[in-house]
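Contents: one structure, followed by commentary.
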Amino acid sequence: MIKKLRKAVLPVAGLGTRFLPATKATAKEMLPVVDKPLIQYAVEEARAAGIEQFCMVTGRGKTALVEHFDVAYELEATLRERDKQDALASLRGAQSEPGSITTVRQQVPLGLGHAIWCARAFVGDDPFAILLPDDLVLADRPCLAQLADAYYETGGNVVAVTEVPREQTNRYGILKVGKDDGRLVEVTGLIEKPAPKDAPSNLSIIGRYILMPEVIKYLALMERGAGNEVQLTDGMARLIGEQRFHGVRYEGRRFDCGDKIGFLEAQIAFALKRPELVVAVRGFLNNYV
Ligand code: UTP
């Protein structure tokens, strides 16, 4: 029997060095794309895939991420008093069900694999999703919902994948590929940040995963991989052969918002999707190109 997917882990304990000085006192995941912080896009995408329980893996200086989903009594009372209905409505997506968000501290950022291991008590014996909020996906059907479809079809581990230029394989987790039907790709191996000459393909994992709980026991080995970090990719690679493991070529466009260019491009792409902004944005873009 395939267990229902209800849980998501949101690792947000990274240092965000590529975005300094903006991330000196603010979490990278609080940076807004148009008018919504990255963390809220991730939570809304997860909810659309049926996720009910969230665990944020946090570190120092990340309290705003949790507060963002709290009730803001004074703000809401003031907005009500002033009859600011639009502003009140805009707060709704930032409201979480009481008790649905829990946090754990990573304390030292030893790598993404270590961050996921920190959520081990939350994961328990259940399948769980992972969303890296700095990977933003613009899609008609939310990316995690596409992954959830594949999870319910295969009953195993699934990760979102996309083709990257061969010369960039050393930035990503790369797949070794078995059977490939164009959408679902059988994963026969995983390598974190291989040099282009060693990369078994140019299919890269993006920040969306649905994993079986057994990955935790491999992460617990605390083996250091690329960059001397505990890599999630290495833990996942251990599952191959033991469990089903597929990549999903999702439909949509992904923006790496942990990177300045990706973040700027996301602003434009998301603004152009907003009916109230599209004309103005097109207008000013014409002045620059
Ligand atoms: P990144 O590779 O983007 O690292 O992490 P980073 O520290 O956030 O940013 P840079 O590279 O220094 O600019 C990918 C995801 O994994 C989380 C990050 O918060 C981000 O969501 N992460 C990474 C942790 O939670 N803990 C870690 O030890 C490392």
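Residue indices begin at 1 and follow the sequence shown. Ligands are counted one by one from 1 in listed order, and the atoms in each one are counted from 1 as well. Everything numeric here is computed off the predicted structure, so don't read it as measured data.
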[X] N/O under 3.5 Å from ligand 1 N/O:
X: V57; answer: no
X: P11; answer: yes
X: L132; answer: no
X: G14; answer: yes
X: A115; answer: no
X: G258; answer: no

Which protein heavy atom lies closest to atom 3 (O) of ligand 1, and at what distance to 0.1 Å?
->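 The closest heavy atom on the protein side is R18 NH2, 2.9 Å.
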Shortest protein heavy-atom distance from atom 28 (O) of ligand 1, along with the residue and atom involved =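 Result for atom 28 (O) of ligand 1: G111 N, 2.8 Å.
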Can you tell me how far CD1 of I174 sits from CD1 of I191, rounded to the nearest 0.5 angstrom?
->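 One gets 9.0 Å once the value is rounded to the nearest 0.5 Å.
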Ignoring hydrogens, tell whether any protein atom lies closer than 4.0 Å to atom 9 (O) of ligand 1; use the non-hydrogen atoms only.
->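 Given the 4.0 Å cut-off, atom 9 (O) of ligand 1 counts as touching protein heavy atoms.
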Quick check: does any side chain N or O of R238 sit under 3.5 Å from a backbone N or O of G235, one acting as donor and the other as acceptor?
->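 No.
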Heavy-atom gap H114 to ligand 1 smaller than 4.0 Å |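 Not so, H114 does not reach ligand 1.
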Nearest heavy-atom pair of C143 and A160: which atoms, and what distance?
->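 C143 and A160 have their closest heavy atoms at SG-CB, 4.0 Å.
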Can you figure out which of R171, E29, Q106 has its heavy atom closest to atom 26 (N) of ligand 1?
->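 Nearest heavy atom to atom 26 (N) of ligand 1 lies in Q106.
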Any Lys/Arg nitrogen of R249 or D180 sitting under 4.0 Å from an Asp/Glu carboxylate oxygen of the other?
->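 Yes, this pair counts.
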Sidechain N-carboxylate O distance under 4.0 Å for R208, D135 |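 Judged by the 4.0 Å cut-off on N to carboxylate O distance, R208 and D135 do not form a salt bridge.
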Are V9 and V66 joined in one hydrophobic group, where the rule is that I, L, V, M, F, W and Y side chains link up if heavy atoms are under 4.5 Å apart?
->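 No; tracing contacts between hydrophobic side chains, which count when under 4.5 Å, never links both residues.
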Name all residues meeting the side-chain contact (heavy atoms from CB on, under 4.5 Å) criterion together with V34; count only those two or more places apart in sequence or in a different chain, and write none if there are none.
->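 Here the qualifying residues are Q267, F270, A271, R274, L277.
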